Amino acid sequence: MCRATFLTPETYLFGGYEERLEAFDLIGDIVKVTVDRPMGSYHPEHKDMYYPINYGYIKGIMAADGEEQDAYILGVYEPVREFTGRIVAVIRRLDDVEEKWVVAPENMSFSKDEIMVQVQFQEKYFRSEIVM
């Protein structure tokens with residue numbers, strides 16, 4: 001497992017992280033997630049998509065789709081506005097350009113099966129693999 005590193009936009013863009021393209025290199029890093037779809041909310045455009053977990057983005061870190069990096073938050077059982085935690089997995093979509101980071105409290109871990117059960121509400125529309 002990687003040592004925990006606090007990953008900020010500044011270090012990601014200017015501190016050497018720009019070369020870290022492999023998902024497994026991110027595991028263990030600490031990130032701050034801004035939650036724009038809290039647990040219990042619905043997608044702003046797809047009104048039938050319910051969010052059973054908190055979901056958001058890493059401000060200032062751009063993903064392959066040109067938007068800020070998305071993140072699922074596991075292990076937090078109430079709606080939150082932001083959350084700082086450890087990247088425990090990366091979900092790589094095989095039929096899309098996006099990757100989703102899975103973030104959890106520092107003392108928690110989840111199996112691939114446990115992760116997929118919790119993110120299935122959205123990942124069921126894609127062919128995905130989980131990198132840990």
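These numbers come from a predicted model, not from an experiment. Here, residue 1 is the first one in the sequence, and each next residue gets the next number.
Proximity of Leu74 to Glu114: side-chain heavy atoms (C-beta onward) are nowhere separated by under 4.5 Å. Between Lys100 and Val119 there is no side-chain heavy-atom pair separated by less than 4.5 Å.
Atom CD1 of residue Ile91 and atom CG of residue Asp96 lie 12.5 Å apart, to the nearest 0.5 angstrom. Rounded to the nearest 0.5 Å, atoms CD (Gln122) and CZ (Arg93) are 5.0 Å apart.
In terms of the side chain to side chain donor-acceptor pair (under 3.5 Å) criterion, Gln118 has no residue partners (sequence neighbours excluded). Among residues two or more places apart in sequence or in another chain, the side chain to side chain donor-acceptor pair (under 3.5 Å) test is passed with Gln120 by none.
Scanning both residues, Asn54 and Pro79, for their nearest heavy atoms gives OD1-CA, 3.4 Å. Between Gly75 and Pro105, the shortest heavy-atom contact is O-CG, 3.9 Å. Considering all non-hydrogen atoms of both residues, Pro38 and Val80 come closest at CB-O, 4.1 Å. Scanning all heavy atoms of the two residues, the minimum distance from Arg92 to Val131 falls at NH1-CG2, 4.0 Å. When all heavy atoms are compared, the tightest approach of Ala71 to Val103 is CB-CG2, 4.0 Å. Of all non-hydrogen atoms in Val88 and Met108, the two that sit nearest each other are CG1-O, 3.9 Å.
No donor-acceptor distance shorter than 3.5 angstrom exists from the side chain of Asp65 to the backbone of Glu98, with no hydrogens or angles considered. The backbone N or O of Glu99 sits less than 3.5 Å from a side-chain atom of Gln69, completing a donor-acceptor pair. At least one donor-acceptor pair closer than 3.5 Å links the side chain of Glu68 to the backbone N or O of Gly60.
Linking ILVMFWY residues whenever their side-chain heavy atoms come closer than 4.5 Å, directly or via other members, leaves Tyr50 and Met116 in distinct clusters. There is a path of hydrophobic side-chain contacts, each under 4.5 Å, that joins Tyr77 to Phe121. Residues Val35 and Met39 do not share a hydrophobic cluster, clusters being chains of Ile/Leu/Val/Met/Phe/Trp/Tyr side chains in contact below 4.5 Å. In the hydrophobic clustering of this structure, Ile73 does not group with Tyr42; members are Ile, Leu, Val, Met, Phe, Trp, Tyr whose side-chain heavy atoms approach within less than 4.5 Å, directly or through other members. Taking hydrophobic clusters as Ile, Leu, Val, Met, Phe, Trp and Tyr residues chained together by side-chain heavy-atom distances below 4.5 Å, Ile130 does not share a cluster with Val117.
Of the options Asp29, Val33, Ile27, Ile58, a side-chain contact (heavy atoms from CB on, under 4.5 Å) to Trp101 is made by Ile58 and by none of the others. Exactly one residue among Phe83, Tyr55, Phe110, Tyr57 makes a ring pair (Phe, Tyr, Trp, His ring centres under 6.0 Å) with Tyr72. That residue is Tyr55.
Between Lys112 and Glu129 there is no salt bridge, since no side-chain N of the basic residue sits under 4.0 Å from a carboxylate O of the acidic one.
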inquiry  = Run Ile30 and Arg86 through side-chain contact (heavy atoms from CB on, under 4.5 Å) and show every step you take.
reply    = CA-CA 4 Å; Ile30 305 298; Arg86 182 172 55 91; 3.8 Å; yes

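Using the six-membered ring where Trp is involved, His43 and Tyr51 have ring planes that are parallel, under 30° apart on the 30 and 60° scheme.
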